[in-house]
2 protein chains.
Amino acid sequence: MIGIMIELTVKAGSGQEFERAFAIQAAAVRANEPGNSLYALFRSRVAPDGYTLVEIYEDEDALAAHRNSPHMAANRPLTLPFLAGRSETRAFDVVSHVA
Amino acid sequence: MIGIMIELTVKAGSGQEFERAFAIQAAAVRANEPGNSLYALFRSRVAPDGYTLVEIYEDEDALAAHRNSPHMAANRPLTLPFLAGRSETRAFDVVSHVA
């Protein structure tokens with residue numbers, strides 16, 4: 001299984017709007033991607049506009065299906081505008097995952 | 001919901017043994033903690049002995065129940081010896097979690 005973590009920052013004060021837009025994106029991911037088993041947005045308790053998106057995919061094909069999906073193409077334009085600066089993506093191998 | 005992320009490093013070469021011991025700990029968490037909905041160990045693809053443990057709890061009570069549980073008391077002595085140096089724990093609020 002593949003774990004993805006994306007550290008991101010949203011524009012000052014836009015957290016609530018971002019979270020609303022993100023919730024729609026997350027629902028679409030979970031409704032359309034059998035190969036995804038986690039798509040969770042963590043709000044930092046330290047950095048005011050900081051978030052970490054945590055994702056788990058069955059394999060590389062599931063991750064590719066996610067990245068190339070129509071629903072992500074439709075949702076990215078609704079969430080990306082909230083981002084401030086570059087996000088940092090890290091990939092992992094999920095050793096032990098019990099959801 | 002509460003998200004916890006623990007960045008940790010194990011002693012050089014002890015990854016496989018650590019992962020075996022951790023799998024027992026994870027199974028105990030999921031079998032005994034209705035308030036936990038994620039307990040996933042991510043192995044770094046960059047730092048050879050680096051891991052991130054990602055956890056989600058229903059609320060502070062569920063997190064306290066985890067930390068004070070008999071199964072964690074029993075399992076910590078089996079996993080902690082593998083750790084090299086200090087781990088770094090970050091707490092988050094989970095905004096959107098669809099597992």
Side-chain angles (χ1 to χ4, degrees), chain A residues 1-8 10 14-34 36-57 60 63 71 75 79 82 88-99, chain B residues 1-8 10 14-34 36-57 60 63 71 75 79 82 88-99:
Chain A
M1 300 179 92
I2 298 163
I4 299 286
M5 274 198 236
I6 304 176
E7 308 282 344
L8 51 92
V10 299
S14 68
Q16 278 192 345
E17 283 179 277
F18 168 67
E19 291 176 18
R20 269 196 297 272
F22 181 85
I24 297 166
Q25 180 169 309
V29 166
R30 296 297 291 137
N32 297 290
E33 296 182 33
N36 172 283
S37 58
L38 183 76
Y39 201 73
L41 186 63
F42 282 27
R43 179 192 315 120
S44 174
R45 288 183 169 179
V46 176
D49 300 309
Y51 295 86
T52 303
L53 172 54
V54 187
E55 310 171 45
I56 295 178
Y57 297 91
E60 294 289 352
L63 178 53
H71 56 270
N75 276 286
T79 47
F82 293 106
E88 183 208 335
T89 299
R90 294 186 293 163
F92 298 79
D93 293 306
V94 180
V95 172
S96 178
H97 167 233
V98 186
Chain B
M1 298 180 93
I2 297 164
I4 300 285
M5 275 201 235
I6 304 176
E7 307 282 342
L8 51 91
V10 300
S14 69
Q16 278 193 343
E17 282 180 276
F18 168 67
E19 291 175 18
R20 268 194 297 271
F22 181 85
I24 296 166
Q25 180 169 310
V29 166
R30 297 297 292 135
N32 297 289
E33 296 182 31
N36 171 282
S37 57
L38 183 76
Y39 200 75
L41 186 65
F42 282 27
R43 180 193 314 122
S44 174
R45 288 184 170 179
V46 176
D49 300 308
Y51 294 86
T52 303
L53 172 54
V54 187
E55 310 172 43
I56 296 179
Y57 297 91
E60 295 289 352
L63 179 53
H71 55 271
N75 276 284
T79 48
F82 292 106
E88 183 209 335
T89 299
R90 293 187 292 162
F92 298 79
D93 294 308
V94 181
V95 173
S96 177
H97 165 231
V98 186

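Proteins come first, then strands; the chains are lettered A, B, ... in the order of their sequence lines, and each starts at number 1. Just so it is clear, the model here is predicted, and its values are computed rather than measured.
In this structure, the portion of A:Ile4 lying under 4.5 Å from any heavy atom of chain B is its backbone and not its side chain. Only the backbone of A:Glu55 comes within contact range of chain B, judged by heavy atoms closer than 4.5 Å.
Considering all non-hydrogen atoms of both residues, B:Phe42 and A:Ile56 come closest at CZ-CG1, 3.7 Å.
Partners of B:Glu7 under the salt bridge (Lys or Arg N to Asp or Glu O under 4.0 Å) rule, at least two apart in sequence or in another chain, are A:Arg90, B:Arg90.
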Given the rule in the side chain to side chain contact (heavy atoms under 4.5 Å, CB included) test, do B:Val95 and A:Phe22 qualify, once you have shown the distances and angles that lead to the verdict? CA-CA 9 Å; B:Val95 173; A:Phe22 181 85; 5.9 Å; no

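When side chains are defined from C-beta on, B:Thr52 counts as touching A:Phe92, because their heavy atoms get closer than 4.5 Å.
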